[in-house]
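Reviewing the structure listed below.
Since we're looking at a predicted model, the values are computed, not measured. So that the names make sense, note that chain A is the first sequence line, chain B the second, and so on, each numbered from 1.
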Amino acid sequence: MRYSEMFLPTGREVPSDAELISHQLMIRAGMIRKLTGGIYSYLPFGYRAIRKVEQIVREEMDRAGAQEVFLPMVQPAELWQESGRWVHYGKELLRFHDRHEREYCLGPTHEEVITDLVRHEIKTYRQLPRNLYQIQTKFRDEIRPRFGVMRCREFGMKDAYSFDADETGAEISYRKMFEAYKRIFTRCGLQFRPVDADSGSIGGSYSHEFMVMADSGEDAIAFCSICQYAANLEKAEVVKPAKTEVTASPYPVEEIHTPGVKTIEEVCAFLRVKPEEVVKTLVFAADGFPVAILIRGDQEVNEIKVKNYLGCDALELAPDDLILDATGSPRGFAGAIGIKARIIADNSLMGMTDCVMGANRMDYHLCHVSPGRDFPVSAYADLRIIREGDPCPRCGEEIHFARGIEVGHVFKLGTKYSKTMKAIYLDRNGREQTMVMGCYGIGIGRTVAAAIEQNHDAAGIVWPLPIAPYQVIITPVNVNEKSLSETAEDIYQTLAIKGVDVILDDRDERAGVKFKDADLIGIPYRITVGPKKLAEGKVEIKSRRSAEVETLPVAEVEAYIMTRIREGI
RNA sequence: CGGGGCGUAGCGCAGCCCGGUAGCGCGCCUGCUUUGGGAGCAGGAUGCCGCAGGUUCAAAUCCUGCCGCCCCGACCA
């Protein structure tokens, strides 16, 4: 492509509303423009990056035995009502109706549609397993879109769905996708890590997220530096404390006047105790019913673990009136003794004795409380957020934290959708069986943004070659000098015929301007055609990443570039 | 939805307190010079000052309402 004819509006100014470097660079490099909140247009340069990623995704999905389909984005309410998600998906599901007042939604994901398709077409075990995928625009009415293309409402996603006859098959399908994902992100030049994850509203038995490591990432990851264990913070298991024989406090429970003392910090300051000696009692509303979660004062409750443990649909910190109902006191003085709620304790309570807790009475706390002796605990469970330095649940070494961008997510769905939507087949014995499903997503735009987040410098983007919108840019230093522009043109033709994605910067601009633009848009190789070197029949090839410059005879340029492209570097 | 901030030329911003000719830098157009890391000189174009009301002789500026955007939080694949 000739630069002079390209629709590639680059900018020097940093847009004021872009926070992330990737977002700023995508705007400055003329890749995206915002249409409205959380909705972006991709310009040619940005769309080429998208297509490069999509192509890699297609190749690896096909290689793993999946087949591409294209499903509707507008979906009827009935399907979602059938799966139950019309009610449970919440406000992220954008709903609307047509002229006949029939209800529809814009697809945020396609489990319902694919399950509907498959249940009508697959009747026997002979037709299983199958894995179908698509690359589609999804719409999720995000509560707060941000970070440009990283978290927007309309976005491109590859989603695949596997259907197997049984658990064993589903496991194999899952592994295949897991391996395909590793190949995909490796080819995209990303440094990433698969982590154990919660499956959220998609549901299912377990899942892994593919995280691109980046300080700007929205997700926190707990990982072990020794073994391979890594998990989303919300999922990371906390090791049960070793069983120690605890003897109850020798003192009886004592009520102490603690006027206005509510938070753990205030309690500790007032009573001169450490947070480790205080039991924090949090009252939650689980589908409207009060549940008391007890945890050691220095720890934080992981609401997702609580939600999963209770198996409820909605979980939130209890509103004031529910707290008053359950404890008989305002917020800040809840305790386990006498509370009218189910009591569940985090494992951190094991081994605690002689502790401080709320008295369920305004302005009073209790001390010398011993769990078990003074109140019953219906269950102990892992309900807290892991902390840096905690032991790894696999090998016992120290856990560290890092941040990541979720670019892919694989779920083992089990029969969540196939059961409710009756995706059944006849087995070898002619008996009806429920298909076992998996689903597998990749955020395409997010992958591109993550790649930029991980590959840039002060001058701009540094594309990994496999996803670079263009691989080579040829820069004649002065287009008004015939020898320079003709040589540049020759090299351009040579590379273009070979199928290289190449830009000829034929603009009548000063060399400095062209160099700055080339750096900003991050083309992996820049071929500079200048008067001094050309006098010897040579040109310079500069690597954007290493900044190394090779001086080569014009005739050797093609071989040099082709080698690099073949090796993907 | 709660808290904070911002809407002025294509982009980045000043002007607003204290009402009276709408400005700066970059970009854009023309000409000349220049030509290996965002050139110099000269000339030029571009604004419902977010929208709608109100106060006033007079509103970018003061008041009210609305809309949009950004940040933090709640929430979320």
Side-chain angles (χ1 to χ4, degrees), chain A residues 9-20 23-24 27-28 30 33-39 85 88-93 107-111 138-148 150-153 155 157-159 197-204 207-211 218-219 232 234-235 303-304 307 314-317 319 404-411 439-446 458-460 475-481 484-485 505 507-521 526-534 539-540 542 547 549 551:
Chain A
T10 58
R12 197 189 322 213
E13 310 266 9
V14 178
S16 60
D17 59 356
E19 281 264 296
L20 289 192
H23 186 195
Q24 295 172 359
I27 292 168
R28 289 187 55 210
R33 290 293 183 263
K34 182 165 68 186
L35 212 215
T36 180
I39 298 180
R85 289 207 293 184
H88 289 134
Y89 207 91
K91 288 184 180 163
E92 270 186 45
L93 187 65
T109 174
H110 282 71
E111 282 80 11
K138 309 288 187 192
F139 193 95
R140 297 184 188 175
D141 198 359
E142 274 297 323
I143 192 163
R144 179 145 92 88
R146 57 186 127 174
F147 304 139
M150 200 74 93
R151 183 175 205 76
C152 45
R153 298 197 292 170
F155 59 99
M157 181 169 157
K158 186 285 301 179
D159 49 324
D198 185 72
S199 46
S201 65
I202 302 281
S207 77
H208 288 90
E209 289 168 336
F210 284 76
M211 292 285 191
E218 285 193 271
D219 292 280
N232 192 306
E234 61 192 26
K235 178 76 177 180
E303 288 194 29
I304 290 178
K307 192 175 173 190
L315 183 79
E316 53 182 6
L317 275 174
I405 299 163
E406 179 193 346
V407 288
H409 202 155
V410 292
F411 299 83
C439 81
Y440 318 93
I442 290 179
I444 303 289
R446 191 182 272 192
T475 309
V477 148
N478 183 347
V479 291
N480 298 315
E481 277 185 42
L484 300 186
S485 56
D505 193 348
R507 294 175 299 167
D508 186 8
E509 287 284 357
R510 299 168 64 85
V513 172
K514 297 187 183 187
F515 293 157
K516 291 287 184 192
D517 272 332
D519 287 349
L520 174 62
I521 66 177
R526 189 184 82 206
I527 301 175
T528 310
V529 185
K532 287 182 214 119
K533 300 283 164 58
L534 190 61
V539 294
E540 291 168 2
K542 183 173 184 182
V549 178
T551 303

side-chain N/O A/S16 vs B/C13 OP1/OP2, d < 4.0 Å:
yes
Base, sugar-phosphate or nothing for A/G90? Non-hydrogen atoms, less than 4.0 Å.
nothing
Is the ring centre of A/H409 less than 6.0 Å from the ring centre of A/F411?
yes
For the pair made of CD in A/E218 and C1' in B/A77, what is the distance, rounded to whole Å?
10 Å
Do A/D517 and A/T10 have a side chain donor and acceptor closer than 3.5 Å?
yes
Which nucleotide in the list B/G38, B/U35, B/C72 gets nearest to the side chain of A/E19?
B/C72
Calculate the interatomic distance between A/E13 atom CD and B/C13 atom C1'; express it in whole Å.
9 Å
Quick one: which of B/G36, B/G38, B/C70 gets closest to the side chain of A/F515?
B/G36
Separation between the C1' atoms of B/G3 and B/G12, rounded to whole Å:
27 Å
Polar atom pairs between nucleotides 46-48 of chain B and protein, under 3.5 Å, N or O only, would you list them?
none

Look through every strand shown and name the nucleotide pairing with B/G19 as Watson-Crick or G-U wobble, where both distances are under 3.5 Å.
none
Side-chain contact check for A/E406: nearest option of B/C70, B/G38, B/A77 is B/A77
Between B/A59 and B/C63, how far is it from one P atom to the other, in whole Å?
16 Å
Rounded to whole angstrom units, what separation is found between the NZ atom of A/K235 and the P atom of B/A77?
13 Å
Reckon A/P531 touches a base, only the sugar-phosphate, or nothing at all at heavy-atom distances under 4.0 Å?
base
Please state the C1' separation for the pair B/G7 and B/U61 - nearest whole angstrom.
15 Å
Remember a base hit wins even if backbone is also touched, and classify A/E234 as base, sugar-phosphate or nothing at under 4.0 Å, heavy atoms.
nothing
When the distance from CG of A/N232 to P of B/A77 is rounded to whole Å, what number comes out?
10 Å
Given protein heavy atoms under 4.0 Å, the one-letter contact record of nucleotides 2-8 of chain B, with B base, S sugar-phosphate only and - none, is simply -------
B/C75 versus B/C13 - spacing of their C1' atoms, nearest Å:
35 Å
B/G38, B/G73, B/A77: which one has an atom nearest the side-chain heavy atoms of A/E142?
B/A77
Output all residues satisfying side chain to side chain donor-acceptor pair (under 3.5 Å) with A/K158, sequence neighbours left out; order by chain, then residue number.
A/Y181
Between B/A14 and B/C24, how far apart are the C1' atoms? Round to whole Å, please.
7 Å
Paired with B/A59 by Watson-Crick or G-U wobble geometry, both distances under 3.5 Å: which nucleotide is it?
none
Check this one for me: any side-chain N or O of A/K533 less than 4.0 Å away from OP1 or OP2 of B/G36?
no
Which whole-number value in Å describes the distance from A/E509 CD to B/U34 C1'?
13 Å
Counting side-chain heavy atoms from C-beta on, which of B/G38, B/G36, B/A77 comes nearest to A/R446?
B/A77
Winner on side-chain proximity to A/F155, out of B/G36, B/G12, B/A77, is B/A77
State the pairing partner of B/C49; accept Watson-Crick or G-U wobble contacts with both distances under 3.5 Å, and report none otherwise.
none
Mind checking the P distance from B/A58 to B/G19? Whole angstroms is fine.
15 Å
Can you tell me how far P of B/C70 sits from CD of A/Q24, to the nearest Å?
14 Å
Provide the Watson-Crick or G-U wobble partner of B/A14, both distances under 3.5 Å; none if there is no partner.
none
Looking at every strand, decide which applies to A/K34 at a 4.0 Å heavy-atom threshold: base, sugar-phosphate, or nothing.
sugar-phosphate
Take the protein atom CG of A/L315 and the nucleotide atom P of B/A74, then report the distance between them rounded to whole Å.
15 Å
Pi-cation contact, A/F515 with A/R526 (under 6.0 Å, within 45°)
yes
Below 4.0 Å: OP1/OP2 of B/C11 and any side-chain N or O of A/R12
no
When the C1' atoms of B/G68 and B/C51 are considered, how many whole Å apart are they?
10 Å
C1' atoms of B/G20 and B/G15, separation to the nearest Å
14 Å
Just checking A/E209: base, sugar-phosphate only, or nothing, at a heavy-atom cut-off of under 4.0 Å?
nothing
In whole Å, what is the span from the CG atom of A/L317 to the C1' atom of B/G73?
14 Å
Nearest to the side chain of A/R140 - B/A77, B/C69, B/G36?
B/A77
Short side-chain N/O contact to B/A39 OP1/OP2 from A/R510, under 4.0 Å:
yes
Report the base-pairing partner of B/G31 (Watson-Crick or G-U wobble, both distances below 3.5 angstrom), or none.
B/C41
Out of B/G38, B/A74, B/G36, which nucleotide sits closest to the side chain of A/R146?
B/A74
Residue A/T36, side-chain heavy atoms: nucleotide from B/G73, B/G25, B/C69 that is nearest
B/C69
pair_partner(B/G36), Watson-Crick or wobble, both distances < 3.5 Å, evaluates to none
If B/G68 has a Watson-Crick or G-U wobble mate with both distances under 3.5 Å, name it; if not, just say none.
B/C6
Among B/A39, B/G37, B/C26, the nucleotide that comes nearest once only the side chain of A/R526 is considered
B/G37
